[in-house]
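Read the structure below first, then the notes.
Order of the sequence lines sets the chain letters (A, B, ...), proteins ahead of strands, with each chain counted from 1.
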Number of protein chains: 2
Amino acid sequence: MEDRLDPKDILLEAAGEIFAEKGLEQATVREICGKAGLNIAAVNYYFRDKKALYVEAVKLAHCTGGQTPQFEVLEGAPPEQVLEAFLRQMMGMMLDDVRPTWHLELMMREMARPTEACVELVRSFIGPMFETLKQIIRPLLPAEISPFNLNLHAFSIVAQCLLYRYHRPVGRILVGEDGYTTLMDLDRLTRHITDFSLAALRGASTPSKGATATQSVSHQETKP
Amino acid sequence: MEDRLDPKDILLEAAGEIFAEKGLEQATVREICGKAGLNIAAVNYYFRDKKALYVEAVKLAHCTGGQTPQFEVLEGAPPEQVLEAFLRQMMGMMLDDVRPTWHLELMMREMARPTEACVELVRSFIGPMFETLKQIIRPLLPAEISPFNLNLHAFSIVAQCLLYRYHRPVGRILVGEDGYTTLMDLDRLTRHITDFSLAALRGASTPSKGATATQSVSHQETKP
DNA sequence: ACTTGATTAAAACACTTGTTTGAAACGGAC
DNA sequence: GTCCGTTTCAAACAAGTGTTTTAATCAAGT
């Protein structure tokens with residue numbers, strides 16, 4: 001840990017790591033202060049209490065860097081290429097190649113089981129990222145698409161990225177230890193998700209003709 | 001709660017609900033026994049300790065019902081239709097229309113942050129479901145596809161379903177309260193995920209020709 | 001009615017938690 | 001040096017945790 005800093009920052013950094021690893025209620029202020037090399041009373045001196053420290057840590061997690069909305073730069077490139085670049089950056093985050101490890105982990109925790117810190121997190125990090133993605137895929141979809149369906153398509157894309165972060169352990173059990181290490185490759189995953197999503201977006205060009213070939217017969221229950 | 005039952009079952013049922021709601025370490029044996037109408041010592045009398053009770057609750061969650069591998073029945077139908085039926089059932093689970101609420105919630109918790117109970121859960125519930133999906137989409141993909149890429153495609157499909165369960169609160173903040181209630185509709189979501197996935201699978205028919213139009217230029221960093 | 005085994009109940013135990021307290025140590029200003 | 005505000009520390013507090021213990025209760029079996 002970096003010494004010679006504001007003890008408030010040291011405490012915040014240690015808190016971020018522990019909170020990301022164990023969550024708000026599972027982390028203890030003793031462990032946090034121990035890691036920070038400070039006394040137990042520090043958390044109450046610099047912040048009000050444990051929860052305030054947590055909220056501040058989440059805020060720090062999504063305020064540092066701020067590398068989200070810099071995609072409008074390559075607007076000249078074809079949208080397929082922009083999408084691939086976006087997905088590569090996103091998957092880089094999912095695979096922990098970008099930030100200090102605990103930043104994203106803490107944000108993921110907050111997204112899965114939100115506290116009061118979540119609204120600000122979505123407003124300043126998730127939201128802009130989502131809007132960027134929508135702008136990227138917008139020209140790849142038919143012009144008459146509704147904002148509603150645009151949201152659905154964007155959801156389908158980010159969902160694929162999130163899977164490899166949230167369900168790593170299940171995936172490991174599912175495909176085996178060896179097959180899983182070869183699976184978690186940035187280039188491979190980026191390419192697959194890009195191809196899969198691009199094909200889906202192209203297929204959506206005909207909203208009422210080709211797609212949904214089986215929509216009226218599907219209400220039957222599947223009981224043997 | 002159903003009375004006149006083996007107190008072991010009553011305890012297990014109450015434990016399932018509380019564990020699903022709060023997780024293993026956040027739930028207290030006092031609250032569980034309180035809900036079950038039993039004494040605190042019951043958890044140590046019928047089960048060994050809290051963790052053993054938890055493992056048993058997870059086992060109960062994925063053993064009751066067992067409605068997973070009944071999809072081979074309608075093998076006569078076209079695979080597109082089978083996929084839609086599968087996705088409808090899966091989304092029904094995600095939207096809490098099928099089982100008693102806590103069963104799936106507990107499994108989701110176990111998948112997100114696995115304990116020792118996860119291996120058995122994957123082996124007897126997640127695994128078969130995943131294999132079923134792979135068999136369904138198998139005829140929709142080119143014959144020469146590798147098991148590896150088949151896994152990737154199946155992952156991309158289940159990922160879309162899981163999103164609407166895991167990130168409900170984020171989605172709510174993202175698209176607004178009103179837009180979100182209209183979003184969480186079983187038919188609408190099933191139709192979208194089916195269309196999106198079918199289009200993607202069709203697009204994968206040309207594994208080296210049309211797809212991945214932008215793969216060599218994408219290594220540039222996106223720094224302004 | 002008495003005994004025996006299984007079940008339930010209340011209390012206590014040992015431990016950890018977040019938070020608070022009050023005094024000690026520090027660092028400049030005068 | 002003396003003073004004073006800021007920062008650190010060790011100790012204690014009250015509340016809550018899982019677990020154990022010990023006695024009470026119950027339901028047959030004889």
### Message
Suppose we screen for salt bridge (Lys or Arg N to Asp or Glu O under 4.0 Å). Which residues come up paired with B/Asp9, at least two apart in sequence or across chains?
### Response
none

### Separation of atom CG in A/Leu38 from atom P in D/dA10, rounded to whole Å
12 Å

### Message
Without decimals, in angstroms, what is the distance between A/Glu25 CD and D/dG16 C1'?
### Response
15 Å

### Message
Between B/Glu31 and B/Lys22 (salt bridge meaning N to carboxylate O under 4.0 Å), is one present in this structure?
### Response
yes

### B/Glu84 bridged to B/Arg88 by N-O distance under 4.0 Å
yes

### Query
On the ring face of A/Tyr45, is A/Lys8 found with NZ or CZ under 6.0 Å from the centre and within 45° of the axis?
no

### Query
How does protein contact run along nucleotides 19-25 of chain D, one letter per nucleotide 5' to 3', with B for base contact, S for sugar-phosphate only, - for none, heavy atoms under 4.0 Å?
BBB----

### Summary
To the nearest angstrom, the CG-C1' distance between B/Leu53 and D/dG18 comes to 12 Å

### Task
Quick one: list whatever passes side-chain contact (heavy atoms from CB on, under 4.5 Å) with A/Ala112, sequence neighbours left out.
A/Tyr166

### Message
B/Glu21: which residues meet the salt bridge (Lys or Arg N to Asp or Glu O under 4.0 Å) condition with it, sequence neighbours left out?
### Response
none

### Separation of D/dT7 P from A/Phe47 CZ (nearest whole Å)
13 Å

### Note: B/Arg113-A/Glu105 ion pair, threshold 4.0 Å (strictly below)
yes

### Message
If the condition is salt bridge (Lys or Arg N to Asp or Glu O under 4.0 Å), which residues does A/Glu25 pass it with, not counting sequence neighbours?
### Response
none

### Query
What is the distance, rounded to the nearest whole Å, between atom CG of A/Leu11 and atom P of D/dT8?
10 Å

### Query
Contact boundaries of DNA chain C with chain A (under 4.0 Å, heavy atoms), 5' to 3'?
C/dT17 to C/dT21

